[in-house]
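Everything quoted here is computed from the prediction, not taken from an experiment.
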Amino acid sequence: MKKVVIFIVEGQTDKRTLEKIFKKIYRNKNIHYEVTDGDITTNDKININNVENEIFNLINAYLKDQKLKVSDVWQIVHIFDMDGAYIPDDNIIEGSSSKFVYSTTNISCNNIEKVKERNSKKRTIMDYLLKVSTIRNIPYKCYYLSSNLEHALYDKLNLSEEEKRDYADDFYDMFLDKEILFVEFLNKVVVNGVPDSFPSSWRYIKEELHSLERHTNLNLYFKENPIL
């Protein structure tokens, strides 16, 4: 039986965009996408004391459904939206909406403190998970899309849910039967100056305004897991 790779992404449109591409690229592996209920790094019920258990609960629900064991899982790959979490507080500005509105230089909201609190919590959880190498003996590793998946892959910010679905379908159609070009697309279009090593890539995204800009280190996953 093939080992299972479980990808954790933040929502259904993230899954819609990436699942088929990864399955085609890695035909030799079983690929499963687990979709979190929103952002696990900003969930009020999750903190550094229980986040590993919460991640395992996501995995375990899938294992039980598929009648698999923990030993059947080869790795857990967690893909984060950066959401400008590491920008200076001075780049959080007063806006007219209760929603967080993103640009490549600031986040605006009519409640600045709410953004600051969100960013602080998100940073704390991500910084903790970056030090985690296994969850229940399953290899675990984190990658990012910045400032979120839509920005990284489509160069669009502040999309509606309907727009996200439409772009997800169009994006997959662009790589239909040529999924291998997705890796080239990341390297040529989305990386945008991110260093070509895992530790350096995370140091980079935490600096200045990079967590609002269009970047990714997901390309490193393909470097670390060569396509056969």
Side-chain angles (χ1 to χ4, degrees), residues 9-14 16-18 36 38-44 46 78-130 142-168 170-171 174 182 184-221:
V9 294
E10 292 192 4
Q12 288 292 340
T13 53
D14 294 41
R16 192 175 186 135
T17 302
L18 296 175
T36 61
D39 185 353
I40 200 170
T41 63
T42 58
N43 188 315
D44 290 338
I46 296 176
H78 202 153
I79 302 176
F80 293 117
D81 288 351
M82 292 309 298
D83 293 326
Y86 290 92
I87 64 171
D89 285 349
D90 288 347
N91 292 87
I92 301 169
I93 63 174
E94 187 77 31
S96 59
S97 174
S98 60
K99 295 181 178 179
F100 295 4
V101 179
Y102 296 89
S103 76
T104 55
T105 57
N106 60 59
I107 304 171
S108 67
C109 181
N110 63 9
N111 185 340
I112 290 177
E113 287 305 312
K114 183 179 178 181
V115 184
K116 291 180 180 179
E117 290 171 7
R118 190 287 306 266
N119 279 5
S120 177
K121 179 172 176 57
K122 189 174 180 77
R123 288 194 303 268
T124 299
I125 297 290
M126 284 197 292
D127 287 346
Y128 174 81
L129 288 175
L130 278 169
C142 309
Y143 298 86
Y144 60 78
L145 295 164
S146 184
S147 60
N148 55 32
L149 178 140
E150 292 77 33
H151 186 206
L153 300 188
Y154 323 143
D155 198 20
K156 300 292 181 181
L157 289 165
N158 308 304
L159 295 178
S160 68
E161 289 303 315
E162 182 178 358
E163 288 172 326
K164 289 179 182 180
R165 289 192 293 271
D166 289 342
Y167 272 101
D170 290 343
F171 188 80
M174 184 168 67
F182 175 69
E184 184 177 339
F185 168 78
L186 292 180
N187 281 308
K188 289 188 174 180
V189 179
V190 190
V191 171
N192 288 325
V194 173
D196 195 28
S197 80
F198 187 79
S200 296
S201 72
W202 275 100
R203 284 194 294 271
Y204 177 89
I205 204 65
K206 294 178 183 183
E207 296 170 347
E208 302 172 7
L209 299 178
H210 296 324
S211 61
L212 274 179
E213 297 165 353
R214 191 184 188 191
H215 296 296
T216 190
N217 68 349
L218 185 58
N219 60 307
L220 299 180
Y221 179 80

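Within the 4.5 Å cutoff, side-chain heavy atoms of D83 are placed close to those of N148. In this structure, the side chains of Y143 and W202 stay at 4.5 Å or more apart for every pair of heavy atoms. Side-chain atoms of K206 and L130, non-hydrogen and from C-beta on, do get closer than 4.5 Å to each other. No side-chain heavy atom of I107 sits under 4.5 Å from any side-chain heavy atom of V101. Taking 4.5 Å as the limit, every side-chain heavy atom of F100 sits out of range of all side-chain heavy atoms of S108.
The two atoms that bring L149 and T17 nearest to each other are CD2-OG1, 3.8 Å, heavy atoms only. When all heavy atoms of H215 and A152 are compared, the pair lying nearest together is O-CB, 4.0 Å. When all heavy atoms are compared, the tightest approach of N110 to E94 is O-OE2, 3.3 Å.
Judged purely by atom type and a 3.5 angstrom limit, S146 has no side-chain atom pairing as donor or acceptor with the backbone of T216. In this structure a side-chain-to-backbone donor-acceptor pair under 3.5 Å is missing from N106 to I92. Judged purely by atom type and a 3.5 angstrom limit, S211 uses its side chain to pair as donor or acceptor with the backbone of Y86.
Enclosure of atom NZ in K116 by more than 12 non-hydrogen atoms of other residues, nucleotides or ligands within 6.0 angstrom is indicated.
Every salt bridge (Lys or Arg N to Asp or Glu O under 4.0 Å) that D196 has, sequence neighbours left out, goes to K223. E184 is linked by a side-chain contact (heavy atoms from CB on, under 4.5 Å) to L181, K188, counting only residues two or more places apart in sequence or in another chain. With sequence neighbours excluded, the residues that form a side-chain contact (heavy atoms from CB on, under 4.5 Å) with R165 are T13, R16, E161, E162.
Atom CE of M126 is separated from atom CD1 of I205 by 9.0 Å, given to the nearest 0.5 angstrom. Rounding to the nearest 0.5 Å gives a distance of 6.5 Å between NE2 of H151 and CZ of R214.
Here the rule is side-chain contact (heavy atoms from CB on, under 4.5 Å) with Y221, and of N219, N217, L218 only L218 fits it. Test H78, R123, K122 against T41 for side chain to side chain donor-acceptor pair (under 3.5 Å) and you get one pass: K122.
Side-chain contact of S160 with E163: a donor-acceptor pair under 3.5 Å is present, judged by distance alone.
By the 30° and 60° cut-offs, the orientation of the rings of Y154 relative to Y167 is parallel. Relative ring orientation between Y204 and H210 is described as parallel, the plane-to-plane angle staying below 30° on a 0-90° scale split at 30° and 60°.
Between D14 and K164 no salt bridge is recorded (no basic side-chain N to carboxylate O distance below 4.0 Å).
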